[in-house]
Protein chains: 2
Amino acid sequence: MKKSKDDAELTKQTIVDAAKDLFAAKGYAATSMAEICSAAGCSRGGLYHHFDSKEDLFIFLADQSFTVSWENWDEVAEDSMTATEQLYRYAEYFVDTLQKPLNKAGEEFISRVGPDSEAGQRFLGILHGYMQRFQNLVQTGLDRGEWKGDNAQELAMIILGYYSGLSDSIQMMSKTEGKQLYRKATMLLLEGIQK
Amino acid sequence: MKKSKDDAELTKQTIVDAAKDLFAAKGYAATSMAEICSAAGCSRGGLYHHFDSKEDLFIFLADQSFTVSWENWDEVAEDSMTATEQLYRYAEYFVDTLQKPLNKAGEEFISRVGPDSEAGQRFLGILHGYMQRFQNLVQTGLDRGEWKGDNAQELAMIILGYYSGLSDSIQMMSKTEGKQLYRKATMLLLEGIQK
DNA sequence: AATAAGACCGACTGATCGGTCTGTATAAAT
DNA sequence: ATTTATACAGACCGATCAGTCGGTCTTATT
C-alpha cells in the first residue's frame with residue numbers, strides 16, 4: 001500500500017490533475033468533490049486530508065496552472081527571439097499548458113466567493129501575476145518597434161481574451177490541430193485580415 | 001393584481017431577463033431557481049408555472065438571445081455597407097445584445113445534459129444557427145475581396161471566439177467603454193498589429 | 001350568477017452537495 | 001518493540017438544490 005511521503009505527494013497531484021480537468025470542462029459549481037475523488041481514485045476523506053475545502057483546492061490548482069506555467073517559459077523563449085517569434089511560441093505554449101482553460105471556472109469562482117473575500121483576493125492576485133507576465137511580453141514587442149500601438153496593458157488584455165475565447169473551440173481538437181489554429185489566429189492578429 | 005394574459009407574458013419575460021443576467025454572471029449550475037425567482041420578484045411555484053424545468057428555462061432564454069438577436073440585424077446592417085463596415089457594426093451590436101454572454105453557461109449546460117441529449121441537441125442547434133449567420137457575414141467579406149483568406153468557417157470561428165473571449169473583460173465596463181474596446185479590437189483584427 | 005381556466009403562491013420531498021468525524025492501516029521515530 | 005504521526009476510508013450531518021402539489025385569487029366564459 002502507498003503511504004509514504006512521496007506517495008502522498010503523488011496522490012495530491014493526482015487529485016489536482018483530475019480536479020483541473022473537471023473544473024475546466026464543467027465549471028466550478030458543477031464539479032462536485034465526489035466526482036473529483038472518483039476521477040482521482042481516492043475517497044472524500046482522503047481528499048479532505050490534502051485540501052481544507054473546495055475553495056482551497058481550486059486556488060491551489062489555479063496557482064499551479066497560472067504561476068507555474070510561466071516558470072518554464074524562460075526555458076522556452078530566448079531573449080534572442082523577436083517579440084513576434086515569442087508570440088508565436090507563446091501561442092503554442094498556451095495550447096500546451098492551458099489547453100484546459102480555467103478562465104470560465106475562475107470567473108464563476110470569483111462571482112461565488114466574491115472579489116473581496118480572502119479566496120477571491122488570492123485568486124485575483126494569481127490571475128494578475130499571470131497577466132502581468134504576458135503584458136511584459138507585449139511591452140517588448142512595442143518597445144522594439146515590432147508592433148503598432150502604445151498601450152501594452154490594453155493590447156495584452158485583448159490578445160489574452162483572444163486566446164482565451166479561442167480555447168472554447170479547440171476542446172474537441174487534437175493538440176496538433178489546436179496549435180495550428182492558434183498559429184493561424186496569431187498570424188491573423190499580426191497581419192490583419194484586410195487586403 | 002396582474003393576472004391577465006398580457007401580464008402573464010410580461011411576468012414570463014421578467015423571469016427570462018433575470019435568469020439571463022444570473023446565468024451569464026454566475027454560470028448554469030451556480031444559479032439557483034430560487035435566486036432567479038428572487039431577482040424576478042415571483043415565487044418558485046410561479047416560475048414553474050411558466051417553465052417546466054431549469055433546462056427548459058435555459059433553452060428558452062438561449063433561443064431568445066441567440067436567434068432573436070439576428071432578427072433585428074437586417075434592420076441594423078444594410079446591404080450597401082461594405083463587409084468591413086458591417087463587421088464594425090456587428091462589434092457594436094455584439095456588445096448591445098450579448099453583453100452578458102451565455103457562452104460559458106452554455107458550455108457548462110452542454111457538459112451537464114450531454115451533447116446527445118434532447119436538451120443538448122436543441123441548444124447546439126440554436127448555437128449552430130447563430131454561428132451560421134455570422135459565417136454568412138464573413139463569407140461576404142471574402143467574396144467581395146475585402147478580406148484575405150478562403151476558409152469562412154474557420155475565420156468565423158476565430159472572430160467569434162475573439163469577441164466572446166473579449167466579453168470577459170468588459171463585464172466591469174460601461175457599454176460605451178465596451179464598444180470602444182470592441183472597435184479597437186476589430187481594428188486590430190482588420191489591420192494587424194505588425195508594422 | 002355560476003363555473004371554468006389560468007396565474008401564482010409557498011410548504012413539502014427526495015436527492016445531492018460540501019464538510020466533519022471516527023476508525024484503521026501503514027510508515028517513521030524512539 | 002512501542003509509540004507517534006501520517007495517509008487514507010467511509011459513514012454521517014446540516015444545508016441547499018430542483019421539482020411537486022394542493023390551494024387561492026383573478027380573469028374569462030357561459
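Residue numbers begin at 1 in each chain, while the letters A, B, ... track the order of the sequences. Treat the numbers as computed from the prediction; the structure is a model and nothing was measured.
Using modelled atom types, one side-chain atom of A/Tyr162 and one backbone atom of A/Ala185 make a donor-acceptor pair closer than 3.5 Å.
Residue B/Ser53 places no side-chain N or O under 4.0 Å from the OP1 or OP2 atom of D/dA18. Contact annotation: B/His50 side-chain N/O to C/dG6 OP1/OP2 distance is not under 4.0 Å. Contact between the side-chain N/O atoms of A/His49 and the OP1/OP2 oxygens of D/dC8 is not found at any separation under 4.0 Å.
In this structure, CD of A/Glu9 is placed 10 Å from P of D/dC8, rounded to the nearest angstrom. Distance CD (A/Glu55) to C1' (C/dG18): 11 Å, rounded to an integer number of Å.
No side-chain donor from either of A/Gln153 and A/Gln139 sits under 3.5 Å from a side-chain acceptor of the other.
The base of D/dA18 lies close enough to the side chain of B/Arg44 for a donor and an acceptor atom to sit less than 3.5 Å apart.
A heavy-atom distance below 4.0 Å to DNA chain D is reached by none of the residues of residues 19-36 of chain A. Using a 4.0 Å cut-off on heavy atoms, none of the residues of residues 114-122 of chain B approach DNA chain D.
Ring geometry for B/Tyr90 against B/Trp70 counts as parallel: the plane angle stays under 30°, on a 0 to 90° scale with 60° as the upper cut.
The cationic group of A/Lys26 does not satisfy the cation-pi geometry with B/Tyr28, failing either the under 6.0 Å distance to the six-membered ring centre or the 45° limit from the ring axis.
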